[in-house]
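One structure below.
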Amino acid sequence: METKDIILELRTKKGLSQDELAEKVFVTRQAVSRWENGETTPNTETLKLLSKLFDVSINTLLGSPCQLVCGCCGMPLNDADISKEINGTFNEEYCKWCYADGDFTLDYWKQYSHIGSKEMFEEFKKKIIDEINTLLNIEGLPKVESLNVLSGSFVNLEYRLPNGQVVKFLDDKATYLGSQLECEFGGDRCFGIVANMDFILVCTYEENGENPELVIYKKR
């Protein structure tokens with residue numbers, strides 16, 4: 001959909017007239033009419049107001065010209081996943097799990113503060129990557145190239161044990177390093193990797209984390 005159609009649809013769903021929408025975003029009714037006729041598009045500041053009013057991202061208002069990705073954890077972003085500032089406006093650079101109300105929720109510099117500098121933190125990640133690639137020897141697992149910082153609530157899956165019991169191994173409020181990789185053998189299942197200073201966890205799952213199976217949980 002084009003911007004003109006999106007604004008018209010959102011305005012109609014919200015039950016607003018062109019005059020009412022114009023008043024809420026501080027423009028004239030004629031400006032709204034020109035948007036909806038495709039003659040013009042809202043400027044950046046007005047797009048921000050429209051985004052907040054309709055609770056959709058600017059990317060959506062512009063017809064979703066790009067795939068948004070969280071700059072912290074790397075997950076693809078839909079409107080429901082995008083972070084917001086204190087004033088309620090979208091911050092389209094991060095997901096709501098990594099950034100909320102004007103601040104980062106995953107302050108991994110605090111969690112890993114005793115590691116030292118950013119460079120030392122990167123070395124720490126490389127060490128974990130080397131352990132995964134050289135020590136685990138999991139069939140079908142591609143070579144791990146990078147790890148992102150992830151919220152525990154995003155990766156804390158429920159695994160069914162042989163006795164039928166369902167358990168979680170992680171902490172929703174903690175911060176982990178992790179990645180998702182497609183299995184080298186193809187199929188619908190992906191590998192998920194989660195690690196911190198104490199352990200490395202590898203699992204497989206289907207789309208959206210469905211039917212997870214634990215492959216290995218290794219203490220470091």
Side-chain angles (χ1 to χ4, degrees), residues 1-106 145-146 148-157 172 178-183 186-192 205-212:
M1 293 177 65
E2 297 181 38
T3 299
K4 63 185 182 71
D5 302 313
I6 293 168
I7 293 177
L8 173 60
E9 180 179 292
L10 292 171
R11 176 177 67 79
T12 303
K13 284 183 178 180
K14 206 168 184 65
L16 297 173
S17 67
Q18 288 188 342
D19 281 315
E20 290 170 328
L21 175 58
E23 183 178 352
K24 289 182 180 295
V25 295
F26 311 108
V27 298
T28 64
R29 183 200 63 79
Q30 289 78 10
V32 175
S33 177
R34 288 195 291 271
W35 297 342
E36 295 182 354
N37 288 331
E39 298 173 19
T40 61
T41 56
N43 62 33
T44 300
E45 292 305 312
T46 306
L47 283 170
K48 292 178 181 178
L49 294 174
L50 290 168
S51 170
K52 184 176 180 181
L53 175 65
F54 293 131
D55 198 31
V56 298
S57 66
I58 292 176
N59 192 56
T60 292
L61 288 172
L62 296 177
S64 301
C66 61
Q67 172 61 65
L68 301 178
V69 177
C70 177
C72 182
C73 69
M75 73 173 288
L77 297 178
N78 298 312
D79 281 355
D81 304 322
I82 297 175
S83 64
K84 291 186 177 181
E85 301 289 353
I86 294 177
N87 62 5
T89 58
F90 281 91
N91 183 324
E92 300 182 24
E93 294 186 15
Y94 303 103
C95 73
K96 63 184 180 182
W97 294 282
C98 294
Y99 186 92
D101 296 328
D103 198 6
F104 288 98
T105 60
L106 304 180
E145 302 289 349
S146 63
N148 298 311
V149 179
L150 302 174
S151 165
S153 61
F154 181 62
V155 294
N156 196 10
L157 305 179
D172 284 348
S179 184
Q180 175 179 288
L181 301 97
E182 294 184 3
C183 178
D188 298 329
R189 298 187 71 81
C190 292
F191 281 101
Y205 47 75
E206 296 172 2
E207 187 176 1
N208 298 320
E210 295 293 325
N211 301 315

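Starting from 1, each residue takes its place in the sequence as its number.
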Distance (rounded to the nearest 0.5 Å) between R29 CZ and R34 CZ
9.5 Å

How long is the span from the CG atom in L8 to the CE atom in M1, to the nearest 0.5 Å?
8.0 Å

Could you go step by step and tell me if L10 and L61 meet the side chain to side chain contact (heavy atoms under 4.5 Å, CB included) rule?
CA-CA 9 Å; L10 292 171; L61 288 172; 3.6 Å; yes

Short N-O contact, K24 and E20, less than 4.0 angstrom:
no

Worked verdict on T89 versus S51 for side chain to side chain contact (heavy atoms under 4.5 Å, CB included):
CA-CA 7 Å; T89 58; S51 170; over 6 Å; no

Please examine the side chains of F90 and K48, heavy atoms only from C-beta on, and report whether any two atoms are closer than 4.5 Å.
no

Taking C-beta and beyond as the side chain, do L53 and L21 meet within less than 4.5 Å on heavy atoms?
yes

Determine whether Q180 and Y205 satisfy the following criterion, side-chain hydrogen bond (donor to acceptor under 3.5 Å, both in side chains), listing intermediate values before the conclusion.
CA-CA 10 Å; Q180 175 179 288; Y205 47 75; 2.9 Å; yes

Here the pair of heavy atoms bringing C66 nearest to N59 is O-ND2, 2.9 Å

Working to the nearest 0.5 angstrom, can you tell me the gap between T60 OG1 and L50 CG?
12.5 Å

Considering non-hydrogen atoms only, spot the tightest contact between S57 and I82 and give its length.
CB-CD1, 3.6 Å

Looking at E85, I'd like to know if its CD atom is crowded, meaning that more than 12 non-hydrogen atoms belonging to other residues, nucleotides or ligands lie closer than 6.0 Å.
yes

Taking E92 for its side chain and I58 for its backbone only, find out whether a donor-acceptor pair lies under 3.5 Å.
yes

If you draw a 6.0 Å radius around CD in Q30, do more than 12 non-hydrogen atoms from other residues or ligands fall strictly inside?
yes

Give, for atom CG of L77 and atom SG of C70, the distance between the pair rounded to the nearest 0.5 Å.
6.0 Å

Taking all heavy atoms of P76 and all of D81, pick out the closest pair and write down the distance.
O-OD2, 4.3 Å

Cut-off 3.5 Å, side chains only: do D19 and S17 have a donor facing an acceptor?
no

So, are E206 and R189 salt-bridged, with charged N and O less than 4.0 Å apart?
yes

Might you confirm whether atom CD of E207 has over 12 heavy atoms from other residues, nucleotides or ligands at distances under 6.0 Å?
no

Determine, stepwise, if the pair F54 / I6 fulfils side chain to side chain contact (heavy atoms under 4.5 Å, CB included).
CA-CA 11 Å; F54 293 131; I6 293 168; over 6 Å; no

Has D188 got more than 12 heavy atoms of other residues, nucleotides or ligands less than 6.0 Å from its CG?
no

Starting at CG of N37, measure out to CD1 of I7 and round the result to the nearest 0.5 Å.
11.0 Å

Hey, are the side chains of K52 and N87 touching, using non-hydrogen atoms and a 4.5 Å cut-off?
yes

For the backbone of T46 and the side chain of N43, can you confirm whether one donor and one acceptor N or O come within less than 3.5 Å of each other?
yes

Does some side-chain heavy atom of L47 sit less than 4.5 Å from a side-chain heavy atom of L62?
yes

Is any side-chain N of the basic residue among K84 and D55 closer than 4.0 Å to the acidic one's carboxylate O?
yes

To the nearest 0.5 Å, how far apart are CG in L68 and CD in E93?
10.0 Å

